[in-house]
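Structure record follows, encoded as structure tokens.
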Amino acid sequence: MRERKVQFEMWDSDDPVPRVELLKRVKGCEGILCVLTEKIDAQLLNAAGPNLKVVSTMSVGFDHLSLDELKKRGIRVGYTPDVLTDCVAELTVALLLATSRRLIEATHEAKTGGWGTWRTLWLCGHELANSTVGILGLGRIGVAIAERLKPFKVKKFIYTDVALRPELANMIEAEYVSLDELAKQSDFLAICCALTPETYGICNWNLFSKMKKNAIFINTSRGGVVNQEDLYEALSTGLIAGAGLDVTTPEPLPTHHPLFTLKNCVILPHVASASYTTRNSMSALAANNLLAGLRGEPMPKELKL
């Protein structure tokens, strides 16, 4: 059987396609390959019309997709889990260490003349040895983070999730605890959950107020899980020791945002999956998901709606 050729139109820029332009270009499309900057909602699906069969997103997260609308219209969805697990886990560990050992502060001091004589407690941070690491949302990435942290002589891993994850937990010998206990016990708290109505703003004053004063908070999931005003208060008043964020709300975070004024807050521009290997793998998987969907075949990675 001869393969049907695919005609495609590509937005050839690193900058997101303007919304007005996107709504115009999707008209009549059978498939859409998007990234997380594109909101795939009822407005866009209406603009695309009844020919649309498949949406393939080059991301593991899918909070930019209106899943109810897609399901209602019978549109299949592809996404890119697994291929970015190692890359995101590496970045999470790097961000955790940079935050807990105050590396950004230290670099600034070395550059600007703050490096004087040796001082006993100058730029002291918090170490992983004999610590308790908490994971909010234990999935593939949470496990990969724990596997990388274990050689640092972490004493204990704990986690909470919407349900028990015995198979994944056994891989890292993690104990299930309540959200309150996760906050109270964690010396380092890594946020790895998906953004859902249940997790939106879950990291708020109620959580921060229960954490240790020496605790380090790390978020490489989605900005929406954190109440940033509450986080600012927790950091600026010394309620917790530090925070490392790869994701914020909005993105990009305005340069005048109060969080940028804090020495104990390290903010990265959403680069957790930014390695050449991973981005290439994500691109290929997203394209193969799209092609399989257009052919009516099983996708390599399909999101079950």
Side-chain angles (χ1 to χ4, degrees), residues 59-63 79-97 99-100 126-200 202-203 206-207 210-212 214-222 225-226 240 243-244 246-247 272-273 275 277-278 281-282 285 298-305:
S59 65
V60 65
F62 42 83
D63 46 281
Y79 70 137
T80 61
D82 303 330
V83 294
L84 48 64
T85 298
D86 289 333
C87 193
V88 173
E90 283 182 14
L91 187 282
T92 303
V93 172
L95 181 57
L96 184 152
L97 290 169
T99 305
S100 63
H126 302 278
E127 59 188 79
L128 279 157
N130 298 311
S131 69
T132 295
V133 172
I135 299 169
L136 176 54
L138 186 65
R140 294 174 293 266
I141 292 173
V143 169
I145 291 167
E147 287 173 340
R148 285 158 175 76
L149 291 178
K150 196 169 186 179
F152 286 88
K153 299 183 179 178
V154 170
K155 179 177 67 179
K156 183 180 181 184
F157 291 102
I158 56 178
Y159 80 99
T160 197
D161 210 319
V162 292
L164 290 166
R165 309 285 189 200
E167 288 185 18
L168 291 172
N170 288 340
M171 293 171 68
I172 55 172
E173 299 178 345
E175 174 190 340
Y176 179 87
V177 296
S178 67
L179 183 61
D180 279 0
E181 282 302 312
L182 191 78
K184 290 175 185 175
Q185 294 185 36
S186 297
D187 297 300
F188 299 86
L189 178 54
I191 310 304
C192 305
C193 59
L195 178 58
T196 66
E198 292 72 33
T199 61
Y200 183 82
I202 195 171
C203 299
N206 184 49
L207 180 92
K210 294 180 173 70
M211 291 175 70
K212 301 177 181 180
N214 68 331
I216 301 294
F217 175 86
I218 303 294
N219 184 21
T220 53
S221 60
R222 285 291 184 266
V225 303
V226 178
I240 63 175
D246 183 49
V247 287
S273 66
S275 78
T277 301
T278 292
S281 297
M282 290 171 70
L285 179 53
M299 293 184 194
K301 292 293 178 181
E302 182 168 0
L303 186 62
K304 299 300 181 184
L305 302 181

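- Here CD1 of Ile172 is found 9.5 Å from CG of Leu149. Values are rounded to the nearest 0.5 Å.
- In terms of modelled atom types and a separation under 3.5 Å, the side chain of Lys212 and the main chain of Gln185 share a donor-acceptor contact.
- Taking both residues in full, the closest heavy atoms of His126 and Asn214 are given as CE1-CB, 3.5 Å, listed atom of the first, atom of the second, then distance.
- The shortest side-chain heavy-atom distance between Val133 and Tyr159 does not fall under the 4.5 Å cut-off.
- Contact of the Lys301 side chain with the Asp82 side chain is registered, since non-hydrogen atoms from C-beta on lie closer than 4.5 Å.
- Expressed to the nearest 0.5 Å, how far CE of Met171 lies from CG of Leu138 amounts to 9.0 Å.
- Contact annotation: the side chain of Leu96 never approaches that of Ile145 to less than 4.5 Å [non-hydrogen atoms, C-beta and beyond].
- When side chains are defined from C-beta on, Val162 does not count as touching Thr196, because their heavy atoms never get closer than 4.5 Å.
- When the options Asp63, Leu136, Asn219, Val247 are evaluated for a side-chain contact (heavy atoms from CB on, under 4.5 Å) with Val225, the one that passes is Asn219.
- Here the rule is side-chain contact (heavy atoms from CB on, under 4.5 Å) with Ser273, and of Thr85, Asp86, Leu91, Leu84 only Leu84 fits it.
- Contact detail for Arg222 and Gly61: the closest heavy-atom pair is NH2-CA, 3.4 Å.
- Expressed to the nearest 0.5 Å, how far CD1 of Ile216 lies from CD of Glu127 amounts to 12.0 Å.
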Report task. For side chain to side chain contact (heavy atoms under 4.5 Å, CB included), just list the numbers for Leu182 and Ile158, CA-CA rounded to whole Å, side-chain angles, deciding distance to a tenth of an Å, and then say yes or no. Result -> CA-CA 7 Å; Leu182 191 78; Ile158 56 178; 3.7 Å; yes
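- Under a 4.0 Å N-O distance rule, the pair Lys156/Asp187 does not qualify as a salt bridge.
- Looking at Leu97 and Leu128, their side chains come closer than 4.5 Å, going by heavy atoms from C-beta outward.
- Residues Val226 and Phe217 have side chains in contact (heavy-atom distance under 4.5 Å, counting atoms from C-beta outward).
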Query raised in the report: Can you check side chain to side chain contact (heavy atoms under 4.5 Å, CB included) on Asn130 and Lys153, steps first, answer last?
Result: CA-CA 6 Å; Asn130 298 311; Lys153 299 183 179 178; 5.7 Å; no
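- Here the straight-line distance linking atom CD1 of Ile218 with atom CG of Asp246 works out to 10.0 Å at 0.5 Å rounding.
- From Thr132, atom OG1 reaches atom CD of Glu175 across 9.5 Å, with rounding to the nearest 0.5 Å.
- Judged by distance alone, the side chain of Ser275 and the main-chain N or O of Thr278 form a donor-acceptor pair under 3.5 Å.
- For the pair Ser221/Leu195, no side-chain contact is recorded, criterion being any heavy-atom separation below 4.5 Å from C-beta on.
- Closest non-hydrogen pair, Cys192 versus Gly142, comes out as SG-CA, 4.0 Å.
- With values rounded to the nearest 0.5 angstrom, Leu189 atom CG is found 8.5 Å from Ile240 atom CD1.
- Residues Val83 and Val60 form no side-chain contact, since every pair of their non-hydrogen atoms from C-beta on lies 4.5 Å or further apart.
- Across every non-hydrogen atom of Ile135 and Ala146, the tightest pair is CD1-CB, 4.1 Å.
- Of all the heavy atoms in Asp161 and Tyr176, the pair that sits closest is O-OH, 3.5 Å.
- When every heavy atom of Gly244 is checked against every heavy atom of Thr99, the shortest pair comes out as CA-OG1, 3.5 Å.
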